[in-house]
Amino acid sequence: MKNLKVAKILNEIADLLELKDVEFKPRAYRKAAISVKSLSKDIEEVKEEGKLKELPGIGENIAKKIEELINTGSLKYYEDLKKEFPIDFESLLAVEGLGPKTIKILYKKLSIKNLDDLERAAKKHKIRELGGLGKKTEEKILANIKFARKKKERNLLGYIIPISENLRNELKKSKFVDKVEITGSIRRKKETIRDIDLLVITKKPEKIMDFFTNYDGVIRVVTKGKSKSTVKLKEDIQSDLRVIERKSFGAALMYFTGSKEFNVEMRSVAIKKGLKLNEYGLFKDGKQKVGKTEEEIFQRLGMTYIEPELRENGGEIEAALEGKIPKLIGYNELKGDLQMHSKWSDGSHTIEEMAKAAKGLGHDYIAITDHTDTLRIAKGMDEKTIRKQMKEIEEVDERIEGLTVLKGVEVNIDSEGKLDIKDKVLKNLDVVVASIHSGFRQGKEKLTKRIISAMDNENVDIIAHPTGRKIQERAGYDLDFEKVFEKSIETNTFLEINSYPNRLDLNDINVKRALEFGCKLVINTDSHSIEHLRYLNLGIATARRGWATKDNIINALPIKKLLKLLS
DNA sequence: GCCGTTTTCGGCCCGACTGTTTTCAGTCG
């Protein structure tokens, strides 16, 4: 059973316990769920090793439940809870304004089990007749049902960043804004984003709230208060804005950046030190000690600074208390990009256009890696075409000063693990990227074999988008990661962090896992046009979320050292 | 149900906004 599946069931147990008004246990189950989700190993392996109880938030009881779940494929405790409340809790919770308490009342009094029941009851005005719920609540429920019905999609980080930056720039136009910062999961660079969180310093909160809620891109005002407002933007994304005084800016920035679990844990750390942490600062006996910057809060708590990308309560707080947070790779530390396409296959720009754009971004080197033979859909090149293209790459390389253009290909790994271009051609190229483009359903063993057999080819330098996942489209194929990691080290073949917004593959969790194993990685954009080159930052963000330092990433190396490594 | 630089028992993050139960509970982040 997969980690995500186990985590999901633990979370559902927490939901159901909340329905039952059980205190504290829901939090324990949620904590355990996060622990499983952020695990860099296979949960089944941890179970085999008998080390479930060593995971944070997992004790005697939850460990037993996870064991039962893995061994039998089901869990009696969970099934019994579900029988007690045979309702579609997940969809009902998705209705804005409905929480466990209200859902329970609706079920007990009106037998509402799902969105259809809810809609019928609201239309017949049954809800306003209940004690405690009125006309407004009923109207709000009715209005929000259609939003809950829509598949609640999170949005890709790469597409949300420009929207959030626009919004920030709009706010900057107000003369009442002293400072504005994008916070929330965007600042943590999570791969998908639900809403855009903004923090503003101002002396005139009311003016800012008016400005924000009246902004052109707003289609609906959800809530509006003195210090906090929520709106829906025309892109169908929610945006929260919070205003704060300067003396509390750091505390608010930390609070609003999250994650929620990180905040909870940080506040516990404060309590243990006799302090209180909230969005206004760090307090002792009711007096603010610090709060203007995040740095001083971490320092006062005896911790080193934790970069936003790490703030998931996945071990970073403990590490910071011990001063063991690594220095993450910086956003300006990559020297080049080793996977991109041109018009020679399915790219939109010429080699020269790609090279000039890359130089404009400050790269020292790039590799042109067009598709090969069998990938007809992408105009894959045969061996003769590759030789012709090599000449053009050499010419561009000479023409453009200050940028090295490397000769490469992205070869296809076939269903048996063989490559579609002969070794005698591959050995003349600077960079050989190999990847799987079909046969995703072959199963773990076969797919692992295919990748490993490609890695065994001495000409192959990089395995691109190693798990083939596409965010919100398809899960990555299941690989035996330990074998792949071992082979990566043995053969000096580097796994890619693909920066394309819907790939980010390897993902943050697998990056961490690979690094713990001792692998080195490469961050590439897989650009198919010059506009894609800027996505490199998304790959770097993913690396940082996986705790990567500069030393872990081969394209942070200068060209000479890189070529030596690839030779 | 978990956990320990107060603790193996007794705690478990904190505040803003909304609607409605005129003093607060529920929801959200």
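On a predicted model such as this, the values are computed, not experimentally measured, just so you know. The chains referred to below are lettered A, B, ... by the order of the sequence lines, with proteins before strands, and numbering in each begins at 1. Atoms considered below: every heavy atom in the structure, side chains included; atoms not considered: hydrogens, waters and symmetry mates.
Backbone-only contact: A:K135 has heavy atoms under 4.0 Å from sugar-phosphate atoms and none from a base. Residue-level contact check: A:N263 touches neither bases nor backbone, having no heavy atom under 4.0 Å from any strand.
Of all heavy-atom pairs between A:I306 and A:I317, the closest is CD1-CA, 4.1 Å. Closest approach of A:I163 and A:E235 over heavy atoms only: CD1-CG, 3.8 Å.
Following rounding to the nearest Å, A:K226 (NZ) and B:dG15 (P) show an atom-to-atom distance of 16 Å. Taking atom OH of residue A:Y280 and atom C1' of nucleotide B:dG15, one finds them 7 Å apart after rounding to whole Å. Atom CD in A:E139 sits about 12 Å away from atom C1' in B:dG19, given to the nearest Å. One atom, CD1 of A:I141, and another, P of B:dT18, lie 17 Å apart when rounded to the nearest Å. Residue A:N144 contributes atom CG, which lies 14 Å from atom C1' of B:dG19 at whole-angstrom precision.
Less than 6.0 angstrom separates the ring centroid of A:Y500 from the ring centroid of A:Y535.
At least one side-chain heavy atom of A:L19 sits under 4.5 Å from a side-chain heavy atom of A:I103. Between A:R30 and A:E18, some side-chain heavy-atom pair lies under the 4.5 Å cut-off. Side-chain contact between A:L504 and A:L156 is absent, with no heavy atoms from C-beta onward closer than 4.5 Å.
Distance check on atom P: B:dT21 versus B:dC17 gives 22 Å, rounded to whole Å. Between B:dG11 and B:dG19, the two C1' atoms lie 32 Å apart (nearest whole Å). Taking atom C1' in both B:dC3 and B:dT7, the straight-line distance is 9 Å, to the nearest Å. Nucleotides B:dC14 and B:dT20 place their C1' atoms 24 Å apart, quoted to the nearest Å. Going from the C1' atom of B:dC12 to that of B:dA16 covers 22 Å, rounded to whole Å. Spacing between B:dG26 and B:dT22 at atom P, rounded to whole Å, works out to 15 Å. For the C1' atoms, the distance from B:dT8 to B:dG15 is 33 Å, rounded to whole Å.
OP1 or OP2 of B:dT20 has at least one side-chain nitrogen or oxygen of A:T137 nearer than 4.0 Å. When the side-chain nitrogen and oxygen atoms of A:K64 are compared with OP1 and OP2 of B:dG1, none of them lie within a distance under 4.0 Å. Taking side-chain N and O atoms only, A:K224 has no distance below 4.0 Å to OP1 or OP2 of B:dA16.
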Show each protein N/O and nucleotides 21-23 of chain B N/O combination with a separation under 3.5 Å, one pair to a line.
none

Review item, nucleotides 2-6 of chain B N/O atoms under 3.5 Å of protein N/O:
| residue | atom | partner | partner atom | Å |
| --- | --- | --- | --- | --- |
| B:dC2 | OP1 | A:G59 | N | 2.7 |
| B:dC2 | OP1 | A:G59 | O | 3.2 |
| B:dC2 | OP1 | A:I62 | N | 3.1 |
| B:dC2 | OP2 | A:N61 | ND2 | 3.4 |
| B:dC3 | OP1 | A:G57 | N | 2.8 |
| B:dT6 | OP1 | A:K272 | O | 2.5 |

Between the protein and nucleotides 26-29 of chain B, are there any N/O to N/O pairs under 3.5 Å, and if so, what are the atom names and distances?
| residue | atom | partner | partner atom | Å |
| --- | --- | --- | --- | --- |
| B:dG26 | O3' | A:T102 | OG1 | 3.3 |
| B:dT27 | OP1 | A:G99 | N | 2.8 |
| B:dT27 | OP1 | A:G99 | O | 3.0 |
| B:dT27 | OP1 | A:T102 | N | 3.0 |
| B:dT27 | OP1 | A:T102 | OG1 | 2.4 |
| B:dT27 | OP2 | A:K101 | N | 3.2 |
| B:dC28 | OP1 | A:G97 | N | 2.8 |
| B:dG29 | N2 | A:Y255 | OH | 3.1 |
| B:dG29 | N3 | A:Y255 | OH | 3.3 |

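A donor-acceptor pair under 3.5 Å is absent between the side-chain atoms of A:N144 and the main chain of A:V95, judged by distance alone. A donor-acceptor pair under 3.5 Å is absent between the side-chain atoms of A:E54 and the main chain of A:K51, judged by distance alone. Side-chain atoms of A:N3 come within 3.5 Å of backbone N or O of A:I43 as a donor-acceptor pair.
Ionic pairing of A:E79 and A:K83 is not present here: no N-O contact between side-chain nitrogen and carboxylate oxygen is shorter than 4.0 angstrom. The pair A:E84-A:K20 counts as a salt bridge, with a side-chain nitrogen and a carboxylate oxygen less than 4.0 angstrom apart.
Using modelled atom types and a 3.5 Å distance limit, the side chains of A:D197 and A:T183 yield no donor-acceptor pair.
Contact check of residues 288-322 of chain A against DNA chain B (heavy atom, cut-off under 4.0 Å) returns no residues at all.
Base pairing of B:dT8: no nucleotide in any strand meets the Watson-Crick or G-U wobble criterion (both distances under 3.5 Å).
Residue pairs that meet the salt bridge (Lys or Arg N to Asp or Glu O under 4.0 Å) test with at least one member in residues 238-264 of chain A, sequence neighbours left out, are A:R242-A:E279. For residues 263-307 of chain A, the set of pairs meeting the ring pair (Phe, Tyr, Trp, His ring centres under 6.0 Å) definition, not counting sequence neighbours, comprises A:F298-A:Y305.
If you run side-chain hydrogen bond (donor to acceptor under 3.5 Å, both in side chains) between A:T257 and each of A:R187, A:E181, A:R188, only A:R187 comes through.
DNA chain B is contacted by both A:K140 and A:F24; A:F24 maps to the nucleotide lying nearer its 5′ end (nearest heavy atom per residue). When each of A:E23 and A:E265 is assigned the nucleotide of DNA chain B bearing its nearest heavy atom, the one mapping closer to the 5' terminus is A:E23.
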